[in-house]
Structures are given as structure tokens and as C-alpha cells.
Asker: 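A single structure is presented below for examination.
As a basis for the values below, the full set of heavy atoms in this structure was taken, side chains included, without hydrogen atoms, waters or symmetry mates.
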Amino acid sequence: MRKIFLLITAFMLVIIISPRTTLAVDRYATCDGCGLCPNIIVDPLTPICEVTKPDPLDNTKIINAWPGDWGNCVKCLYPNLYPPSSNPVPNNECKTLLVNPDNSPLYPMTGGRQFTMLGCINSGTQVGFNNNTGASSFVQKLIEVITGFAGGLALLYLMYGAFIILTSQADPEKLNYGRRLIYGAITGLIITLSAVFIVNLIGLKILRIPGFSQ
């Protein structure tokens, strides 16, 4: 009878203690790498990550803790958790903040990446930007932005020049003006692409600077 009583007591203790042990695993850091600093409600059974918190200027108001560009940032810094093809929707899981029992990040940031106003800069390595890869990666990203801007501007000038020619009604001045716009757009685009090609050729093929990619 005593053995049966001890078994029942041990079984009840396992049932009571197990949920506490399982739920207590969920621990959170203060902030993640993308600036999410939510309100962590510490409960003995269920620690909760709240994405809303009181406004520091007005305690009667509630503000959202999600930074404005958080979705793009986490796809850059946490590609294993949120691949670029995914669409991370803010929820109360706060996966980027989860930590292990030793306080190490459960989902660590991928090395060699930095999220900036120009977008995601990737050094092409798993290390940070302190191994001569930061400057070249930034230049590469800047070149991509400049190339896209130059291409869009050239397209607008081409369209405007074509519109001037189509509406010139055989007016020589308008025809010449439209031609100059088209020639200028094509020339500017060729110069921009040539400059990008030369920079990439020197950085990638000749100097072989770390961080440059094809």
C-alpha cells in the first residue's frame, strides 16, 4: 500500500511540475538586433512577449513596439528564421528575442550582414565587417542603388524625349530638343554602366577586394 501511495504521489508531482518546467524555457532578451524592445510580462508559468507597451510620455496611451522597418531588417539579419521570400507578420511570439538557458540567442543573427537605409548589406562572409569587408560591401550596395536610380532616370528622359518628338508636329526646334534628350539619356546610361563595370572589374578581378561580388 505504501508503494502505491508513493507512486501516486510521484506521478502527481510530475504532472504539477512538468508544465512549469516546460513553459519556463521560454525566456526573452530585452531587444533584438532590429530594435524590437517589447514589454516582457514575467509570469511563473507563462512568460509573455507583448508587442505593445505604455507610451513613456503618456501612461494612458499604448504604443506599438514594432519598429517601422522591422520586417525587412529581420529578413536581413535573421535569414534562417525569416527567409527573404517570407513575409514576417508582427505577432506576440517575438522569436528573435528568445534566448537559451545560458542567455545566448536561440536564433542568433547571421554574421557579415548589416541593415542600413540602403537596404541589406552583405559582406559575403559569415564574419562581421571588421575583416576588411565592410567598405567594399557598402560600396557594392551603393553602386546598385546608383545604377538603379540612373536607369530609372534615363528611362524617364527617353520617354520624355520620345513624347516631345511625337508631339513636335514637324517643328525643327522641338525635334532637335527631343533628339538631344534621347541622346543624353543613352549617353548618361552608357557612362554609368561603364563606370560600374570598371569599378567591379578593378575591385573583383584586379584587386580582389573581399566583399565585392559579380
Side-chain angles (χ1 to χ4, degrees), residues 20-59 61-149 199-200 203-204 208-214:
R20 295 177 179 269
T21 305
T22 303
L23 294 172
V25 172
D26 291 337
R27 302 174 67 241
Y28 299 93
T30 303
C31 300
D32 67 2
C34 293
L36 174 62
C37 304
N39 181 33
I40 305 298
I41 300 176
V42 180
D43 184 89
L45 292 179
T46 56
I48 301 172
C49 175
E50 290 285 352
V51 297
T52 57
K53 58 183 179 179
D55 190 338
L57 301 178
D58 187 353
N59 292 330
K61 295 181 179 179
I62 300 296
I63 59 175
N64 199 318
W66 298 98
D69 214 3
W70 181 84
N72 292 328
C73 179
V74 295
K75 288 190 289 186
C76 174
L77 301 184
Y78 301 91
N80 296 327
L81 183 60
Y82 295 106
S85 59
S86 68
N87 183 25
V89 179
N91 51 46
N92 62 351
E93 295 179 0
C94 299
K95 293 181 180 179
T96 56
L97 291 162
L98 288 172
V99 295
N100 293 310
D102 60 352
N103 292 330
S104 61
L106 184 62
Y107 300 102
M109 293 185 295
T110 300
R113 290 170 176 259
Q114 183 69 37
F115 185 72
T116 67
M117 62 179 298
L118 298 178
C120 185
I121 298 178
N122 188 356
S123 66
T125 64
Q126 294 298 314
V127 297
F129 290 96
N130 55 353
N131 289 357
N132 301 322
T133 59
S136 56
S137 302
F138 179 79
V139 170
Q140 185 94 17
K141 189 67 179 181
L142 190 61
I143 288 174
E144 293 177 6
V145 173
I146 293 175
T147 304
F149 178 77
V199 170
N200 278 325
L204 183 64
R208 297 182 180 180
I209 300 175
F212 268 86
S213 58
Q214 188 69 35

Asker: Taking side-chain hydrogen bond (donor to acceptor under 3.5 Å, both in side chains) as the definition, give me every residue that meets it alongside Asn80, ordered by chain and number, with sequence neighbours left out.
Answerer: none

Asker: For Arg27 and Leu106, run side-chain contact (heavy atoms from CB on, under 4.5 Å): C-alpha distance rounded to whole Å, both residues' side-chain angles, the deciding distance at 0.1 Å, then the answer.
Answerer: CA-CA 10 Å; Arg27 302 174 67 241; Leu106 184 62; over 6 Å; no

Asker: What residues, two or more places apart in sequence or in another chain, satisfy side-chain contact (heavy atoms from CB on, under 4.5 Å) together with Ser104?
Answerer: Asn100, Asp102

Asker: Just verifying a value: how many Å separate Asn72 CG and Phe115 CZ, rounded to the nearest 0.5 Å?
Answerer: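 One gets 5.0 Å once the value is rounded to the nearest 0.5 Å.
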
Asker: Sequence neighbours left out, what passes side-chain contact (heavy atoms from CB on, under 4.5 Å) with Pro67? Give chain and number order.
Answerer: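 In terms of side-chain contact (heavy atoms from CB on, under 4.5 Å), with neighbours along the sequence ignored, Pro67 is linked to Leu36, Trp70.
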
Asker: Just verifying a value: how many Å separate Cys94 SG and Asp32 CG, rounded to the nearest 0.5 Å?
Answerer: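 These two atoms lie 8.0 Å from each other.
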
Asker: What are the two closest heavy atoms between Tyr78 and Gly33, and how far apart are they?
Answerer: OH-N, 3.0 Å

Asker: Ser86: which residues meet the side-chain contact (heavy atoms from CB on, under 4.5 Å) condition with it, sequence neighbours left out?
Answerer: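 For Ser86 the side-chain contact (heavy atoms from CB on, under 4.5 Å) partners, ignoring immediate neighbours, are Lys75, Tyr82, Pro83, Pro88.
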
Asker: Residues two or more places apart in sequence or in another chain: which of them pass side-chain contact (heavy atoms from CB on, under 4.5 Å) with Tyr107?
Answerer: Leu81, Lys95, Leu98

Asker: From Thr30 OG1 over to Leu97 CG, what is the distance, rounded to the nearest 0.5 angstrom?
Answerer: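 The OG1 atom of Thr30 sits 8.5 Å away from the CG atom of Leu97.
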
